Structure formats: C-alpha cells, structure tokens
2 protein chains.
Amino acid sequence: MPEDRTTATQNDEDGFLSATALDQSLGYKLRLAQILAYRSFEEQMTDYGVAPRYLGLLGIVAENPGQAQNRLADSIGLQKSSLVTILDRLEKDGILERRASAQDRRAKTVWLTNKGEQVVAELFLHARDHEARMAAGIDDHLLADVVAALDVMIANLRGLSD
Amino acid sequence: MPEDRTTATQNDEDGFLSATALDQSLGYKLRLAQILAYRSFEEQMTDYGVAPRYLGLLGIVAENPGQAQNRLADSIGLQKSSLVTILDRLEKDGILERRASAQDRRAKTVWLTNKGEQVVAELFLHARDHEARMAAGIDDHLLADVVAALDVMIANLRGLSD
DNA sequence: TGCGATTAGTTCGACTTCGAATAATATTCG
DNA sequence: CGAATATTATTCGAAGTCGAACTAATCGCA
C-alpha cells in the first residue's frame, strides 16, 4: 500500500506512524514494547490458560512460597483487588493454591502446586526463547545495561509513589 | 515492618519480592516499569481527563494529522476496536475530532483541535519532567542506548506478529 | 485492657482493552 | 461488469485492572 499522500505523515520504515516528540519518550516506548511483547508471548502460549500473562507473578511465588497476597500484588505493580480474580483463576487451573495464614487470620498465603511448578518451568523455557527473538540484534553487553537501567527506573518510580 | 521470617523469601531492598528467574526477564521488567510509569504520570496529571494516558497517541496525531483510525491503532499497539471508545472520550473532551474521509466513505480521519494542541504541548512538558525523574541516575549516553534498544525490540516484535 | 488506627482480603461498579461479528465500502479478478 | 474478497469502523460481550467501601482481624498506645 503506497504511502498516504493526502495528509502530511511521518512513517517509520514499516508503515507504522511515529512522531519526533516520541522518539526519546521512554514511557511511550516502554508501553509499546510491553504491549507487543506480552501479546506476542501469549499468542504463542496457547496451552497454558492465563498462566503466561502472569509468569512474573508465578516466578515470584515459585521463589517466595507462602507470601501474602498484598505483598505479591505490590511486587508486580498491581492493586491488591486485582489479585483476587487473578489468583482465583490460577487456583482454578490448579497452578497455585491459597492457604490460610497461621500467623494472621486475615491473611492468605500463596503457594505453587506441583503442576504449577512444572508449568512455570516450561513457560520460563518458552520465555527465554521469546526474549531471544525480541532482543535479536542487541549485543549481550547492551542488553545487560538495558536490564540494569530498567531496574533503576523501577526503583525510581517506586520511590516517586511513596 | 520486619522481614517475614516464616517462609523463605528473597526481598529486594525496598520490601518488594523478587525472583532470580526474573532478574534477566525483559518482558517482566518492561511490564513492571510501564505499569509504574503510567500510574505515576497519570496520578500527577489530574487536570487533563484521559489525555495523559493517551499522550503517545496524541503525539502521533499531532505530527500526522488526518490519519485513519486503524493506522493509529496499529501504531500504538492497540486493537482498532479499542480506539473507538478512546477517540470517543478524547473527542468528547474537545482534544481531537474525527472527520469523514474524502477518499473512503468507510474511513474516518483524526485531527487535533486547537485545545488539543495546547493540551498536548503542556503534557509533553510534564512528561519530560516525569521522565527525568524516572531516569534519574542513568547517564545520557546509556539512556540513548536504552531508547535505541527499545526501538529494536519493538521492530523485532512487530516482525514476529506478521 | 480497651479502643482507635491500621491492615488483609473481598466485593462491586467503573475503566481499559480485546476479539468476534456486523454493515458499509473498496478492491480485485475472471 | 459483476461477483467475490478484503477492508474500515462499530458494536457487544468478555477479560483485565482499578479504587472505594466493606468485613474481619491485628497492632499499638494510653
């Protein structure tokens, strides 16, 4: 499809619109990269229900068994109310389970099931492959710098909202 | 609140849970950074309705007046059906307007209003400030590398879904 | 020890985004 | 030229996330 010449445009090289004002916009690029990354990964992971979308959460539960819901929600950047239905579905799919806390009768603790551990292990293998394709052409040293920079931004943003 | 010692945990330095498996996970960090960045920015921009959330879209419309809805949706990574209510609300707030296309009776073209141009200019000033705080401690050269790396990832991800 | 403040999880209505289906229109091809 | 196919925007029900309000429980302090 030839470029639309009826209105002034600035295409990037693949037919998507862009804007000079956004060229250095971190927030915008984070959002776009995140939307595309999650959609792409979830499209490929068709046998795992909602687990691919919440692999970050599941990874944290795997290495921190028995944590409370509010801590998990905080850690992945979602509201505690959002976690209710997320955990409902992961529990229904047999990926994790909630247990009552021995220390605090208000609290629930969250644990992976045996099936959950297997699913998480498989999804991490797929995720590694997907990330290799996402990051193709970026050398390892730069990639490590990007990850470190993301950590700094996350820490800064967390500090902004205190 | 002291560390919870009843279950094995791996805290990071600010009381948020983490996981070794996620330390190098680009997808997860993109998502977390994006959630926190947008929430933080939107919390500060209390006088602008939904415009702050869609500043990326508005920036593209500003520099590409008169584009079709599906191209805008593709460019910001959302489904065309999502754009319908987004444009409805931005139009209702007087930020932009849709016009019928002269070339294609199915299509609508999207234009900023005068008010929209002003709002976008103001929001970009605020966004620049917000991004400075988000990226505090990251030197300019590394930041440029991060932006470039995000562009490569976005291009790779777009290529994966074709 | 009792009480006020705070916390943990849930509910509910609202907001944001998705994907299938639809109507209208444009394009392609025999 | 007409039928078949593809495209654009919209609708609608569903999924994902939010934030206020609520109940139950805990904590800290006088």
Side-chain angles (χ1 to χ4, degrees), chain A residues 1-2 4 6 15 31-32 34-43 46 49-57 66-93 97-110 161, chain B residues 1-2 4 6 15 31-32 34-43 46 49-57 66-93 97-110 161:
Chain A
M1 188 259 298
D4 177 3
T6 59
R31 177 162 167 79
L32 185 51
Q34 181 271 312
I35 287 174
L36 299 176
Y38 270 68
R39 180 183 300 147
S40 170
F41 185 62
E42 288 170 45
E43 277 172 352
T46 53
V50 301
R53 181 162 189 84
Y54 301 111
L55 185 53
L57 167 65
Q67 294 305 310
Q69 290 181 201
N70 61 342
R71 290 196 83 201
L72 293 172
D74 275 347
S75 302
I76 65 170
L78 295 182
Q79 303 292 317
K80 62 188 180 181
S81 56
S82 304
L83 220 54
V84 176
T85 52
I86 291 171
L87 293 181
D88 283 349
R89 276 171 302 149
L90 289 167
E91 193 164 33
K92 181 186 166 198
D93 289 349
E97 64 185 9
R98 292 167 167 109
R99 299 178 196 164
S101 170
Q103 287 80 36
D104 183 339
R105 285 189 298 217
R106 296 170 296 181
K108 303 269 183 62
T109 53
V110 181
S161 67
Chain B
M1 188 260 302
D4 178 1
T6 60
R31 177 163 167 77
L32 185 51
Q34 181 270 312
I35 287 174
L36 298 175
Y38 271 70
R39 180 183 299 146
S40 171
F41 185 62
E42 289 170 43
E43 276 173 354
T46 54
V50 299
R53 183 165 189 82
Y54 301 111
L55 185 54
L57 166 66
Q67 294 303 313
Q69 291 181 201
N70 62 340
R71 290 197 82 204
L72 293 171
D74 276 346
S75 301
I76 63 170
L78 296 182
Q79 303 291 318
K80 60 188 179 187
S81 56
S82 304
L83 221 53
V84 175
T85 52
I86 291 171
L87 295 178
D88 283 348
R89 278 173 297 149
L90 289 167
E91 194 165 31
K92 180 184 167 198
D93 289 347
E97 62 185 12
R98 293 173 171 103
R99 299 178 196 165
S101 170
Q103 289 79 34
D104 184 336
R105 284 189 299 216
R106 299 169 298 181
K108 302 272 184 59
T109 53
V110 181
S161 68

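Note on naming: letters A, B, ... go to the chains in the order of the sequence lines (proteins, then strands), and numbering restarts at 1 for each one. Remember, predicted model here, so these are calculated numbers, not experimental data.
Contacts of A/F41 classified as ring-ring contact (aromatic ring centres under 6.0 Å, His included), with partners at least two apart in sequence or in another chain: A/H130. When the side chain to side chain donor-acceptor pair (under 3.5 Å) test is applied to A/E91, the partners found at least two apart in sequence or on another chain are A/R98. Under the rule for a side chain to side chain contact (heavy atoms under 4.5 Å, CB included), the partners of A/L36 that lie at least two apart in sequence or sit in another chain are A/L32, A/R39, B/I154, B/L157, B/R158. Remark: B/N70 engages B/A68 in a side chain to side chain contact (heavy atoms under 4.5 Å, CB included) (not counting sequence neighbours). Residues satisfying the side chain to side chain contact (heavy atoms under 4.5 Å, CB included) test with A/S101, not counting sequence neighbours, are A/Q103, A/D104, A/A107, A/T109.
Going from atom OH of A/Y38 over to atom P of C/dT17 covers 16 Å, rounded to whole Å. Atoms CD (A/Q103) and C1' (C/dT7) sit 15 Å apart, rounded to a whole Å. Regarding A/L78, its CG atom lies at a distance of 14 Å from the P atom of C/dT17, rounded to whole Å. Atom CD1 in A/I86 sits roughly 12 Å away from atom P in C/dT10 (whole-Å rounding). Between B/E42 atom CD and D/dC18 atom C1' the separation is 11 Å, expressed in whole Å. Atom-to-atom, CG of A/L72 to P of C/dG9 comes out at 9 Å; the value is rounded to the nearest Å.
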What does the list of N/O pairs under 3.5 Å between the protein and nucleotides 9-13 of chain D look like, with a distance for each?
unit_1, atom_1, unit_2, atom_2, d
D/dA9, OP1, B/Q69, N, 3.1
D/dA9, OP1, B/K108, N, 3.1
D/dA9, OP1, B/K108, O, 3.2
D/dA9, OP2, B/N70, N, 2.8
D/dA9, OP2, B/N70, OD1, 3.4
D/dT10, OP1, B/K108, NZ, 2.7
D/dT10, OP2, B/Q69, OE1, 3.3
D/dT10, OP2, B/Q69, NE2, 2.7

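Side-chain nitrogen and oxygen atoms of A/R31 include at least one within less than 4.0 Å of the OP1 or OP2 phosphate oxygen of C/dT17. In this structure, A/R105 does not reach the D/dA24 phosphate: none of its side-chain N or O atoms is under 4.0 Å from OP1 or OP2.
Across all strands, B/T85 comes closer than 4.0 Å to base atoms (heavy-atom distances). The residue A/Y54 sits close only to the backbone: its heavy atoms come under 4.0 Å of sugar-phosphate atoms, none of a base.
A residue-by-residue look at A/D104 and B/I35 shows that B/I35 has its nearest nucleotide of DNA chain D further toward the 5' end.
Using a distance-only test at 3.5 Å, with no hydrogens or angles considered, a donor-acceptor pair links the side chain of B/R71 to the main chain of A/G15.
Of all non-hydrogen atoms in B/I35 and A/I76, the two that sit nearest each other are CD1-O, 4.0 Å.
Nearest to the side-chain atoms of B/Q79 among the listed nucleotides C/dG19, C/dA8, D/dC18 stands C/dG19.
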